[in-house]
Amino acid sequence: MEISKIPRQYAPVETEAIYSITGAHPGQVLEAEIFVSGETSPQGIKKLHGAGRYDVNISAYIRGAISTEPLAGRLCGIYPAPGRVVAATVKTGTEVSDEVKFTGGKNPKQMLSPLSLQPGPATLARGEHDEIAFLATTGCYVCEITFDGEGLSHRISLPGVSLPEGMAVIAVNFDDLDMRLAREGLEAGSFNSMEVSLAREGVVLFSRHYALEAHDPSAARIAWINPAGGVDCFTFRYAGEESLRIKRTEVTTANGPVVTGGEGETQRRFTSGYQPRETIRFIAALALSPAVWITGNNGARRVGISVGETITTDTEGLAKMELMLISSL
């Protein structure tokens, strides 16, 4: 009996993660134990019986071990993100598989490429955060941010970071950049765009262009886990509709009604505004994301969502999407 097939490295856990076990005797009862690296107790056990070959899907056991949270509130920089990768082995009898590293999302990964579905330029404003996840190989990485305005250009180089192989994230914090510019006698308001680039050993691996926008205090910067296994962000505008729902729980006693508990939630409607259709397809992924947050300088707060209608206009080739953000009181 042997484990004859295992998933590829950095396999996504939102699809099947198949281990093939062959050579078992017909009718033989087996156990496939799934171990997360560093743990002595199995993450799960699957009972196998009645065949000479088994294809065991362990994705459901690994999914809960992956921890993906936005880096909202972090200063600009490159950060290792070890919790977004989980290494696991499968044991059956005396056979133990090679270790496989798993990541979130549905899509296969490529090393040194951004784990994002962001089309074209992103946007960023005061008080907002963005991030770009990627799978790193061992080495030293440097992030440079180039600002452009009317007849003005300026570059900021962030300190180089040595990374092990695995997941890493570039954190982009507008307010931190504003302070860095101020120390050099400049203002973010003097620029209308910027480009964030990542290099390794002098070779630029990828870059992202941003349009710098005016701050809207009623807007919401929404983050979600994308199909690539990274976190994408988009700013939705407040659509002027808010509701409050409160439910009380009470019991009747000899002394009259007594409130024993209660729960409440707020619902606020937001809109993307009219956007190119590729942008609407990009943000529509949040409707199926396993987690959605509202982000700011104080970090990220998990919220529920209800996606409303998508309105299109064929003459302009534009569309907009509306959603309801649901927060517990």
Side-chain angles (χ1 to χ4, degrees), residues 70-79 114-134 141-159 169-199 204-224 226 230-239 270-283 286 293-300 318-321:
L71 296 191
R74 298 280 189 99
L75 300 180
C76 293
I78 306 171
Y79 297 88
L115 302 180
S116 171
L117 303 184
Q118 172 74 52
T123 63
L124 203 66
R126 192 176 306 280
E128 293 183 353
H129 132 279
D130 197 50
E131 63 179 69
I132 311 169
F134 64 99
Y141 294 79
V142 175
C143 180
E144 290 191 337
I145 303 170
T146 304
F147 294 86
D148 285 302
E150 193 67 34
L152 184 64
S153 181
H154 186 75
R155 178 174 296 175
I156 292 177
S157 295
L158 301 179
V169 179
I170 304 171
V172 183
N173 182 319
F174 186 100
D175 291 3
D176 179 40
L177 291 173
D178 195 17
M179 287 188 291
R180 291 171 186 263
L181 289 171
R183 288 196 290 267
E184 300 183 36
L186 299 168
E187 294 182 358
S190 302
F191 304 97
N192 52 37
S193 67
M194 70 179 190
E195 185 176 67
V196 176
S197 63
L198 180 73
V204 175
L205 303 173
F206 59 80
S207 61
R208 174 175 290 178
H209 188 78
Y210 290 86
L212 303 180
E213 298 190 337
H215 174 59
D216 180 353
S218 66
R221 185 72 168 175
I222 305 301
W224 66 94
N226 64 38
V231 172
D232 278 329
C233 303
F234 186 83
T235 301
F236 284 81
R237 307 299 172 185
Y238 182 52
F270 289 82
T271 177
S272 66
Y274 281 104
Q275 303 288 339
R277 296 193 181 192
E278 62 179 4
T279 300
I280 295 298
R281 286 192 290 268
F282 158 65
I283 61 178
L286 70 84
W293 300 265
I294 185 169
T295 68
N297 285 334
N298 294 325
L318 301 175
K320 70 177 181 179
M321 190 177 83

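Note that the structure is a prediction, hence the values are computed from the model and not measured.
Residue Thr279 holds its OG1 atom at 12.0 Å from CG of Leu117, rounded to the nearest 0.5 Å. Rounding to the nearest 0.5 Å places CZ of Phe234 at 11.5 Å from CG of Asp232. For the atom pair CG of Asn173 and CG of Asp178, the computed distance is 10.0 Å after rounding to the nearest 0.5 Å. The line from CZ of Arg155 to CG of Asp148 is 9.5 Å long, rounded to the nearest 0.5 Å. Going from atom CG of Leu177 over to atom CD1 of Ile145 covers 4.5 Å, rounded to the nearest 0.5 Å. For the atom pair CD (Glu128) and OG1 (Thr235), the distance works out to 3.5 Å, reported to the nearest 0.5 Å.
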**Trace of the side chain to side chain contact (heavy atoms under 4.5 Å, CB included) decision for Leu198 with Ile132** = CA-CA 10 Å; Leu198 180 73; Ile132 311 169; over 6 Å; no
**Request:** Report the C-alpha separation of Phe270 and Phe236 in whole Å, then their side-chain angles, then the decisive distance to 0.1 Å, and conclude whether the ring pair (Phe, Tyr, Trp, His ring centres under 6.0 Å) test is met.
**Result:** CA-CA 6 Å; Phe270 289 82; Phe236 284 81; 7.5 Å; no
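Between Ile280 and Leu318 there is no side-chain heavy-atom pair separated by less than 4.5 Å. Annotation: side chain of Phe147 is not in contact with side chain of Leu152 (no heavy-atom distance under 4.5 Å). Residues Met194 and Leu124 are in side-chain contact: their nearest non-hydrogen atoms beyond the backbone lie under 4.5 Å apart. Residues Asp216 and Tyr238 fail the side-chain proximity criterion, which asks for heavy atoms closer than 4.5 Å. Counting heavy atoms from C-beta on, the side chains of Asn226 and Val231 never come closer than 4.5 Å. The shortest side-chain heavy-atom distance between Arg74 and Val169 does not fall under the 4.5 Å cut-off. Counting heavy atoms from C-beta outward, Asn297 and Arg126 have side chains that stay 4.5 Å or more apart. Side-chain contact between Arg221 and Phe174 is absent, with no heavy atoms from C-beta onward closer than 4.5 Å.
In plain terms, the two heavy atoms of Ile294 and Ala220 that are nearest each other are CD1-CB, 3.7 Å. Glu131 and Leu71 get closest at one heavy-atom pair: OE1-N, 2.8 Å. What you find for Thr295 and Ala223 is that their closest heavy atoms are CG2-CB, 3.7 Å. Across Asp175 and Gly127, no two heavy atoms sit closer than the pair OD1-N, 2.8 Å. When every heavy atom of Gln118 is checked against every heavy atom of Cys233, the shortest pair comes out as OE1-O, 4.1 Å. When every heavy atom of Val142 is checked against every heavy atom of Leu158, the shortest pair comes out as CG1-O, 4.0 Å.
Sequence neighbours left out, the pairs with a member in residues 205-215 that pass side chain to side chain donor-acceptor pair (under 3.5 Å) are Ser116-Arg208, Asp130-Arg208, Asp130-Tyr210, Glu213-Arg237.
In this structure, Glu278 contributes its side chain and Pro119 its backbone to no donor-acceptor pair below 3.5 Å.
In this structure Tyr79 satisfies the ring-ring contact (aromatic ring centres under 6.0 Å, His included) test with no other residue, sequence neighbours excluded.
Note: Phe134 and Tyr141 have tilted aromatic rings, judged against thresholds of 30 and 60 degrees for the angle between ring planes.
Heavy-atom contacts from other residues, nucleotides or ligands closer than 6.0 Å to CD of Glu187 number 12 or fewer.
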